[in-house]
Q: 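Have a look at this one before I ask anything.
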Protein chains: 2
Amino acid sequence: MTGQVTLADVARAAGVSPATASRALNGSPGRTVRADLAVRVAAAAVELGYSVNAHAQAMARGTTTTVGLIVHDIADPYAAAIASGVMAAAAERGLIVTIASTASDAALELTHLRALLQQRARAVILAGSRFTDAESTAAMSSVTAAIAAAGGRIAAIGADRLGVRTVEIDNFGGAAHLASTLCSLGYRHFAVLAGPEHLVTCDDRLAGFREGLAGAGVDLDPENVLTTQFTRDGGYVAMRELLDRGLAADCVFAVNDVMAVGAMAALREHGYRVGSDVALAGFDGIPTLRDIEPPLTTVRLPLPEIGRAALELAVAGETGPRPAPVRGDVVVRASTPGVASVP
Amino acid sequence: MTGQVTLADVARAAGVSPATASRALNGSPGRTVRADLAVRVAAAAVELGYSVNAHAQAMARGTTTTVGLIVHDIADPYAAAIASGVMAAAAERGLIVTIASTASDAALELTHLRALLQQRARAVILAGSRFTDAESTAAMSSVTAAIAAAGGRIAAIGADRLGVRTVEIDNFGGAAHLASTLCSLGYRHFAVLAGPEHLVTCDDRLAGFREGLAGAGVDLDPENVLTTQFTRDGGYVAMRELLDRGLAADCVFAVNDVMAVGAMAALREHGYRVGSDVALAGFDGIPTLRDIEPPLTTVRLPLPEIGRAALELAVAGETGPRPAPVRGDVVVRASTPGVASVP
DNA sequence: CTGTTAGCGCCTTCAC
DNA sequence: GTGAAGGCGCTAACAG
């Protein structure tokens, strides 16, 4: 950072005041600079290889161009898809995106959020926070309050447990719709690979699924609802357990797609063919999964659009109407071909 | 950003000077603060809800805690896996990661790089830049030079075309090893879905593959080498073309895994069963692909470790030994079961 | 060990 | 339209 070219250098080289150079290079509301001066300044800037110092600018202007995005794991396709939407929308506005992964660790999430506060991020997006204990919630709330006090905006995706603006996802409705669709395909005996307990997203999907089944007069045996990690390995483990105790279901619903992938692997290891031997459905609509064999039935969420909406919600702040919950589309594919005896 | 509590406020509340407060809260090399004062300062900070302003800190200290990562598309599992490694290593050092996607657009890449310069990022990692024309290279070089001049470090992953420290990947060797392995499985007629022309990574993989075949006395018909996009859709399109002209190969090599996924989809649409009807191999070792059916033979790269290495290389700067190129492991799975007549 | 003093680079009143 | 001056919040000297 030594020997940096500063605005003062440029101004001197162009024979104008720093103020004029600033106005010429970075603009100033309502003010203009004479064309010839502007040209001279621009030339000097290029000549000297000048580049604004964003920190100095942030100091002086009192506002930044950084937005933060907090996810569980950027390597999870769900998070990556959302991130791509956030980043695209941010790029359009000249905003820079800082991403942090919590690795499902509440302390880490807090650390990242604090860092974003220190950066005076203009907005931060919480994509799928999953800690519901009172202690972490309180700690998070205090930081989000500080961010808000500093003029930053906060938005959440999915479930809001912090009282912030949220891009809501109709997990309940999507799961219910999926359940009734599966019933109409002739399935009657279900098992659910649920996520961890007390995770709102999972709870909603499970509740919605149950509701959908009930609408078709189908019951869900509590024995067939397994709580597990919200990951590929979680799905694998839970499916193995189900198989070990002798699978008593003709259709398995994994509350998200990556869990379904794990379940698929477990089924295959056990010699089951997904589709013909047992049906399988997921939730999220991760892009890659349309290409697996058999293609997975799922509730497809417009993930990049959700990310984009979250960014827009965050930068818009309190103004604007509350957005409608995002609904997913039930996509029936070969992993749930339907029961043969049903037309 | 108004009504922010500043260090001066904390100092006043604690009855000490700003300097002492600064030393107590944020430390200073070699200096210590008397315990009781430190306690008072800490208490005041909590009381007032103080949070350092990272921009002011960056200004005063002349250095930042931001590192930038530039990828093509964060939704690509390859980039996401690298990013997770970069972020993990960064978190350990208290560094914040800013990610930008170029969407394979040279102008966008330049824009992002400039933004990182303005932020005075301590390091920036270029993961798979793919523009080789003289104009973009020159523009990029001038910005990287400016970043270096500002004390920032640059590191690249894969091919280095900018003269920066690079985590090299042995694409040639990996592809050669894959080719000879496939030959030993009995395959003799190959097709390659190559990426775009002049993309160093692709060129290396193609050349290595050819070399490996040559070592087994097998020839690669130029007709069977298709240039295409480096994406899932690229693989799909190229595979369709190959099929339309009547597939004249018993084994197809896609130069990366996402292309292989697209190829698999095209094959399936045409009624081919991957593995038994035609063999298929990829490159990268993207995690999800171990779970697809049939599991994909590939050259597995330790993507998160590569990301981690790139970060370490970048923050280490010019010191330290040049790291050895990363070698991939050939992983043979069911997509290349081998030719029946061969034991 | 603590306090005082100068900036870091930029923007923005306020005069001109 | 331009310029001069003050300050954003923090830390690194320098005294004490």
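Predicted model only: the values in this text are computed from it and were never measured. Numbered from 1 within each chain, the chains take letters A, B, ... in sequence-line order.
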Q: Strictly below 4.0 Å, N to O, side chains only: are A:Arg165 and A:Glu312 in salt-bridge contact?
A: no

Q: As an exercise, state the distance from CG of B:Leu108 to OG1 of B:Thr102, rounded to the nearest 0.5 Å.
A: 7.0 Å

Q: Under 4.0 Å between a side-chain N/O of B:Asn26 and OP1 or OP2 of D:dT11, yes or no?
A: yes

Q: Using whole Å, report how far CD of B:Gln57 lies from C1' of D:dT11.
A: 9 Å

Q: Between A:Ser28 (side chain only) and A:Arg23 (backbone N and O only), is there a donor and an acceptor less than 3.5 Å apart?
A: no

Q: Contact list please: residues 9-22 of chain B against DNA chain C, heavy atoms, distance less than 4.0 Å, in numerical order.
A: B:Val16, B:Ser17, B:Ala19, B:Thr20

Q: Quickly work out the A:Gln4 CD to C:dG9 P distance and round it to whole Å.
A: 8 Å

Q: Write down the distance between NE2 (A:His55) and C1' (D:dC10), rounded to a whole number of angstrom.
A: 13 Å

Q: My understanding is that only residues two or more places apart in sequence, or in another chain, count here; which of them pass salt bridge (Lys or Arg N to Asp or Glu O under 4.0 Å) with A:Asp105?
A: none

Q: Quick one: does A:Thr166's side chain have a donor or acceptor within less than 3.5 Å of a partner on A:Glu168's backbone?
A: no

Q: In whole angstrom, what separates A:Arg61's CZ from D:dG7's C1'?
A: 16 Å

Q: Among residues 27-40 of chain B, which ones have heavy-atom contacts with DNA chain C below 4.0 Å?
A: B:Arg31, B:Thr32, B:Val33, B:Arg34, B:Leu37

Q: Please report, rounded to the nearest Å, how far the P atom of C:dT12 is from the CE atom of A:Met59.
A: 13 Å

Q: From B:Leu116 CG over to B:Arg122 CZ, what is the distance, rounded to the nearest 0.5 angstrom?
A: 14.0 Å

Q: Return the value, rounded to whole Å, for the distance between atom CD of A:Gln118 and atom P of D:dC10.
A: 10 Å

Q: What's the CG-C1' distance between B:Asn53 and D:dT11, to the nearest Å?
A: 13 Å

Q: Whole angstrom is fine here: how far is it from CG in A:Leu7 over to P in D:dG7?
A: 20 Å

Q: Return yes if some donor-acceptor pair links the side-chain N/O of A:Ser141 with the main-chain N/O of A:Thr137 below 3.5 Å, else return no.
A: yes

Q: To the nearest 0.5 Å, tell me how far A:Leu113 CG sits from A:Ile154 CD1.
A: 6.0 Å

Q: Are the side chain of A:His55 and the backbone N or O of B:Gln119 linked by a donor-acceptor pair below 3.5 Å?
A: yes

Q: Look at the side chain of B:Arg23 and the base of C:dG3, then say whether one donor and one acceptor between them are separated by less than 3.5 Å.
A: yes

